[in-house]
Amino acid sequence: MLEQLKGLRAQALEELNKVGNPRELELWRVRYLGKKSNLTQILRSLAALPLEERREVGAQANEIKKALESSLEEKGRLLQESILTSPRESQRVDITLPGRALPTGRLHPTTQILKEICDIFKNMGFQVIEGPDVEWDYYNFEALNIPQHHPARDMFATFWIDTGMGEKARLLRTHSSPMQIRLMEKERPPIRAIVPGRVYRYEATDATHESMFYQVEGLAVDKGITLADLKGTLFDFCRCLFGEERRVRFRCDYFPFVEPGVEVAISCLACNGTGCRLCGHSGWIEILGAGMVHPDVLTRVDINPKLYSGFAFGMGVERIAMLRYGIDDIRLFYSNDLRFLRQF
Ligand code: DAH
């Protein structure tokens, strides 16, 4: 029996050496230390042995049991350690794989164009300022030469703000021009500024009309400013934004707060001036309104029109973005369809 025990120990330890994972280790435990293992059988049969032999075999068997148990514990610890320090094949990191691209956000097409427009004017020395969306009738209309019953008010379908007093005094600005007045009230010439911001129109929406959109207003006031300065500035601007090869056209137009007033158009981006659907077969696309600041407007803000003159302009940002990106429906801008927005 002592011989058998010796063989058992040698065999158990040899097999333990080959164990490579926790599952095999458990099988090993059952085999050599479990209830049905040879060792347990021997320990159980001790009672039947003569005293002398029982002592010797018992001591030997218990010693082996302890040795196997501590080897088991040690092996378990080693296995655990190797799992933690050397991950299996499937968990290894392949450092040669290309990285996974993280989804990043992007700027709204309006914001992108707005930024471009502002950068162009900043480079020409204009400062960028902003004004309130909720305006007084005075700034939006009155001070811009559009009094109460002036027919030009029809150009602007207005969202009035109910003050509860029955009078129409506050509104959502219908254009960015009111900032011309606020600026000239506060600052003395020379003034050179642009004003980006939201404007509102109480209108049914369709492919070319939205009730909220962006405009950029421009204003320059100083001694000796002429229509030639306005032309130079806007020609440069159009070519910066739409390309060197663009032709730019000035035509007479009417806006109550400028005299003379002009409408500015660029040669069509699609047909280059030969006429197509985009330009209504005219070869030209109107992109902004402008003019020389009306003497009455200057007088109202205490700037002497005999000493000073200025030019002003205003443009719709979405319209410009539509031309640049070939977008055919303005309603796409603010319907938050990611399939649309992800393209920019
Ligand atoms: N405010 C005008 C509009 O919304 C655009 C405009 C025209 C602005 C002529 C100007 C200007 O500053 O001089 O239709």
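Along the sequence shown, residues carry numbers from 1. Read the numbers this way: they start at 1 and go in the same order the structure lists the ligands and their atoms.
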Polar contacts were defined as any N/O atom of the residue lying under 3.5 Å from an N/O atom of the ligand; does this apply to Thr174 and ligand 1? no

Is the shortest distance from a Lys or Arg side-chain nitrogen in Glu74 or Arg77 to a carboxylate oxygen in the other one below 4.0 Å? yes

Arg201, portion touching ligand 1 at heavy-atom distance under 4.0 Å: side chain

Structural part of Met315 in contact with ligand 1, heavy atom criterion under 4.0 angstrom: neither

Sub-4.0 Å atoms of ligand 1 with respect to non-hydrogen atoms of Gly291: 13 (O)

Heavy-atom side-chain proximity of Ile146 to Phe156 below 4.5 angstrom: yes

Just to confirm my output: which protein heavy-atom neighbour is closest to atom 8 (C) of ligand 1, and how far is it? Gly314 N, 3.4 Å

At under 4.0 Å between heavy atoms, what of Ser177 touches ligand 1? The answer is side chain

Closest to atom 4 (O) of ligand 1 among protein heavy atoms sits Gln215 NE2, 3.0 Å

SB check Glu26 Arg29 (cutoff 4.0 Å): yes

Applying the ring-ring contact (aromatic ring centres under 6.0 Å, His included) criterion to His108, which one of Phe340, Phe344, Tyr334 satisfies it? Tyr334

Ligand 1 contact on Phe257 by region, counting heavy-atom pairs under 4.0 Å: side chain

Leu114 CG to Glu318 CD distance, which is reported to the nearest 0.5 Å: 8.5 Å

So the atoms of ligand 1 within less than 4.0 Å of a heavy atom of Gln180 turn out to be 12 (O)

Identity and distance of the protein heavy atom lying nearest atom 12 (O) of ligand 1: Glu217 OE2, 2.6 Å

Candidate with minimal heavy-atom separation from atom 6 (C) of ligand 1, of Gly289, Gly310, Ala152: Gly289

Rounded to the nearest 0.5 Å, what separation is found between the CD atom of Gln80 and the NZ atom of Lys75? 13.0 Å

Based purely on interatomic distance, does Ala312 place a nitrogen or oxygen under 3.5 Å from a nitrogen or oxygen of ligand 1? yes

Say you draw a straight line from CG of Asn304 to OG1 of Thr299; how long is it, rounded to the nearest 0.5 Å? 7.5 Å

Between Phe126 and Phe237, does the ring centroid distance fall short of 6.0 Å? no

